[in-house]
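Worksheet: the structure to be examined is printed underneath.
Labels below follow one simple rule: chain letters A, B, ... track the order of the sequence lines, proteins then strands, and each chain is numbered from 1. A quick note: this is a predicted structure, and the numbers were derived from the prediction, not measured. Values below: all heavy atoms of this structure, side chains included; hydrogens, waters and symmetry mates excluded.
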Amino acid sequence: MAKEAQWVQVGKRQIALSNLTKTLDPTGPVVKAEVVNYYLSVAPTFLRHARGRPLSLVRYPDGIEGEQFFQKSRPDWAPEWIGSVRLDRKSQNYMVADAVADVVWLANLACLELHVTQGRIPHPERPDQIVFDLDPPPDFGYTRVIELATELGEVLRGYGYHPFAKTSGQKGIHVVVPIEPRWEIPDVMAAANEVAADLVRRYKDEATLNWSKKARETRVLIDLNRNRKGQTAVAAYSLRGKPGLPVSMPVTWEELATLRDASPYTHATVPGILEDRGDPWEAMAAYAVAIHTDRKAVPVAADPATLAAYKKKRDFDVTSEPGPLLGKEDMARFTIHRHHATNLHYDLRLEQDGVLKSWALPRGLPHQPGVKRLAVEVEEHPIKYLTWEGVIPKGEYGAGPMWVYATGRYSVTKEKKTGFYFRLHSEQLNADYRMHRTQGKQWLLERVHEPDRDWLEGSVPPLLCEKVDAVPIGNDYQYEVKWDGIRAIFTVIEQEVRIWSRNGNDITDQFPEFDATGLNITTGVLDGEIVVLDEVGRPEFGRVIKRLHSRGEGAIARAAKKHPAVCYLFDCLYLDGRPVVRDPLEKRRAWLEDLIRPDTAFRFSQSVEDGELLFKAAKQQGLEGIIAKRKGSRYSPGRRPGTWLKIKSEHDVTLRIIGYTRGSGARSDTVGSLVVAEEAEDGLVYRGHLGSGFTDRALEELAEALLPMAKTERPDFIPEDQDKSAEWLKEAVYCDAIYSSLTSGGMLRQGMYKRLRGDI
DNA sequence: GGAGCTC
DNA sequence: GAGCTCCAACGCTCT
DNA sequence: AGAGCG
């Protein structure tokens with residue numbers, strides 16, 4: 001072990017990291033610590049595609065400018081927990097990554113590139129994907145490679161495959177199709193060859209299968225050799241040993257079409273992108289099909305006419321949800337129902353011998369390794385329940401709504417005496433579980449691997465609004481009231497609720513009225529707006545903000561009693577063991593409505609179809625505005641402008657800054673917000689607080705920018721030194737007095753009101 | 001990057 | 001103790 | 001037979 005080794009704990013493994021400050025990419029420069037960090041952060045996603053595949057390491061112990069070498073066999077000094085597999089009698093003992101710790105250990109070996117075979121355990125000799133490596137000659141424009149990859153994608157669809165794309169991390173593009181692991185390599189090669197030859201026939205001047213340099217000249221090599229025995233291709237999310245440490249990055253077909261080169265994807269950017277938009281390949285395994293040369297009927301003849309027709313409707317196809325799974329007759333299917341009978345529960349159904357083996361899961365699916373959930377074996381169900389969804393009428397057994405929570409295919413990865421391990425592949429859920437019989441009909445369901453992203457850990461940045469001036473009209477939208485209060489993300493773990501502000505601050509303690517008894521849920525992430533309502537049911541921002549600022553248990557309890565808050569929930573991001581952010585808005589909201597218990601502090605934010613009407617009503621009621629949401633849209637934490645629009649109900653407001661609040665945070669130099677009032681017929685009307693958590697300096701700048709916009713530069717009641725707005729803002733005592741008067745009850749106190757009004 | 005071998 | 005060496009592989013093509 | 005190729 002090198003002398004300066006640093007020990008880290010990854011899962012249950014301890015790993016010695018050596019030479020962390022060694023530069024591996026001098027052009028960055030990038031040191032080894034950053035490489036380890038990269039692989040640590042993408043490991044759960046990386047493993048989804050690489051787990052169980054024999055590895056080739058490309059190691060750069062002296063950095064990308066030093067010597068590089070391949071390594072396949074498992075060195076005998078590897079820790080005992082690094083797994084391995086032998087492809088045949090006389091082959092290597094290939095290493096196989098299974099857990100995050102394995103990836104970190106490999107990263108420490110300065111193994112920048114990880115390459116994998118197309119087969120994986122338990123059938124390493126039967127590929128479960130075909131890779132088409134598009135390898136352009138020098139000076140072949142990237143855009144043209146993309147075009148060719150896109151065409152290849154279409155040809156593959158014509159043959160009934162579901163293609164996925166990634167950058168190679170260098171000049172090329174890899175098009176990958178998942179297949180069922182049922183054929184030997186020669187059969188798979190033959191199928192691949194047929195499709196590639198088809199493409200080459202259509203694009204004679206662009207593409208070739210001929211591998212010799214001379215014959216290739218200026219054409220792209222469609223390299224099928226990556227599919228051969230013992231051959232590997234760079235793994236999805238692997239780094240490449242090139243300047244800047246680019247990544248072999250899975251992309252959606254839409255993303256691919258907009259790429260101009262592969263430069264956006266590097267060790268530095270990929271973790272953020274992944275966090276932002278997830279893994280485009282996540283559901284890949286659910287789209288495995290039989291190779292086209294061995295199907296009973298070839299689904300689509302690959303003649304040019306068919307392809308043209310396909311191309312025509314492709315725009316629609318690509319932008320909408322993926323189509324139905326193909327070839328499902330060849331693999332075992334599964335469904336999980338959310339069944340809101342007398343007692344809410346889930347039903348896990350696995351296809352086996354022509355029936356659905358079923359278990360009732362009273363508390364949903366486990367969300368994390370180590371979490372176990374009871375699973376009670378129930379009677380087998382007929383296959384037709386795979387897709388059944390609806391309401392079981394009152395009086396019948398199990399009366400109540402039953403939703404398809406996830407459906408796709410599954411594979412048993414390991415059989416044990418007391419149970420089995422299985423992996424779910426679907427659009428909704430891709431995870432490994434262990435089913436373990438404890439006694440009789442009682443089983444325990446346990447999650448095996450870490451999720452890509454732990455939705456229940458800490459806060460999730462909420463999807464934000466974009467302000468617009470007019471109500472977007474159309475059948476594409478649904479409309480909700482814009483509740484004027486505190487945006488809050490709720491995380492529920494078991495029976496514990498935590499509340500997070502939009503900036504990720506934990507505000508749980510401020511609102512003791514929100515507890516899990518109001519929600520029919522075991523684990524979840526919900527999005528809503530906390531409001532305090534006035535006598536006629538209008539949100540009073542001043543009151544709720546006061547709730548946010550009260551300190552001390554006693555004060556909070558008193559405030560909660562005086563001004564009880566409710567929360568209008570409008571979205572659901574995670575539900576009992578699976579993220580739902582990628583389900584369409586309507587589905588998320590249907591689930592949400594179902595999980596809110598009546599007569600609690602939680603309410604469902606109703607939506608309506610008529611935007612104009614709601615807008616008019618909102619204006620009449622003095623509400624802040626309405627929100628238009630695009631139907632079918634996903635939830636993109638952190639933002640995605642254009643999917644969610646906020647409309648101000650008043651446009652020509654003249655605001656005046658009448659004070660500021662002291663911040664409630666720990667930093668003494670922060671100012672809470674500007675207190676703004678609107679000019680009305682009969683004086684100033686409090687409109688709320690602008691921003692929060694400014695430093696004095698930032699606030700001065702903001703005030704300077706805003707003051708000229710106000711009708712009067714400064715209200716008359718501000719004492720002395722009228723010239724310097726910044727100094728005016730520093731009149732803390734005075735403004736605090738205004739603040740408290742403004743916010744007691746959300747109204748201007750009598751005296752102050754008079755003073756503000758009349759007599760300015 | 002780590003280990004085994006050689007001097 | 002320092003210095004050197006090893007650490008892959010397939011199948012096809014060209015020479 | 002051996003080197004080259006990715």
Reading DNA chain D from 5' to 3', where do the contacts with chain A start and stop? Cut-off is 4.0 Å to heavy atoms. D:dG4 to D:dG6
Whether A:S18 contacts B:dG2 is assessed here as follows: a side-chain N or O lying under 4.0 Å from the phosphate OP1 or OP2. Is that the case? yes
Going by ring pair (Phe, Tyr, Trp, His ring centres under 6.0 Å), name the residues that satisfy it together with A:F420, two or more places apart in sequence or in a different chain. A:F422
By salt bridge (charged side-chain N to carboxylate O under 4.0 Å, His left out) - contacts of A:R423 (at least two apart): A:D432
For the ring pair A:H174 and A:F132, is the centre-to-centre distance below 6.0 Å? no
I'd like to check the side-chain contact (heavy atoms from CB on, under 4.5 Å) partners of A:N227; sequence neighbours left out, ordered by chain and number. A:Q118, A:I130, A:V131, A:M189, A:L224
Distance-only criterion, 3.5 Å: show the donor-acceptor pairs between side-chain atoms of residues 138-149 of chain A and protein atoms not counting sequence neighbours.
residue, atom, partner, partner atom, Å
A:R144, NH2, A:E206, OE1, 3.4
A:R144, NH2, A:E206, OE2, 3.2

Set of ring pair (Phe, Tyr, Trp, His ring centres under 6.0 Å) partners for A:Y60, sequence neighbours left out: none
Within this structure, what is the CG-to-C1' distance between A:D76 and C:dC7, rounded to whole angstrom? 12 Å
Compare side-chain N and O positions of A:S73 against OP1 and OP2 of C:dA8 and report whether any pair is under 4.0 Å apart. yes
Residues touching DNA chain B, which here means a heavy atom under 4.0 Å, drawn from residues 50-72 of chain A: A:R59, A:P61, A:F69
Using a heavy-atom cut-off of 4.0 Å across all strands, would you classify A:K171 as base, sugar-phosphate, or nothing? nothing
Going by salt bridge (charged side-chain N to carboxylate O under 4.0 Å, His left out), name the residues that satisfy it together with A:R86, two or more places apart in sequence or in a different chain. none
A:T23: partners by side-chain contact (heavy atoms from CB on, under 4.5 Å), with sequence neighbours left out: A:P26, A:P29, A:V31
Identify, with sequence neighbours excluded, every residue that meets side-chain contact (heavy atoms from CB on, under 4.5 Å) alongside A:V96. A:V85, A:I121
Just jot down the side-chain contact (heavy atoms from CB on, under 4.5 Å) partners of A:S263, sequence neighbours excluded, or say none. A:D261
Can you tabulate the close N/O pairs, meaning under 3.5 Å, that link protein atoms to atoms of nucleotides 10-13 of chain C?
residue, atom, partner, partner atom, Å
C:dC10, O4', A:Q231, OE1, 3.4
C:dC10, O2, A:Q231, OE1, 3.0
C:dC10, O2, A:Q231, NE2, 2.5

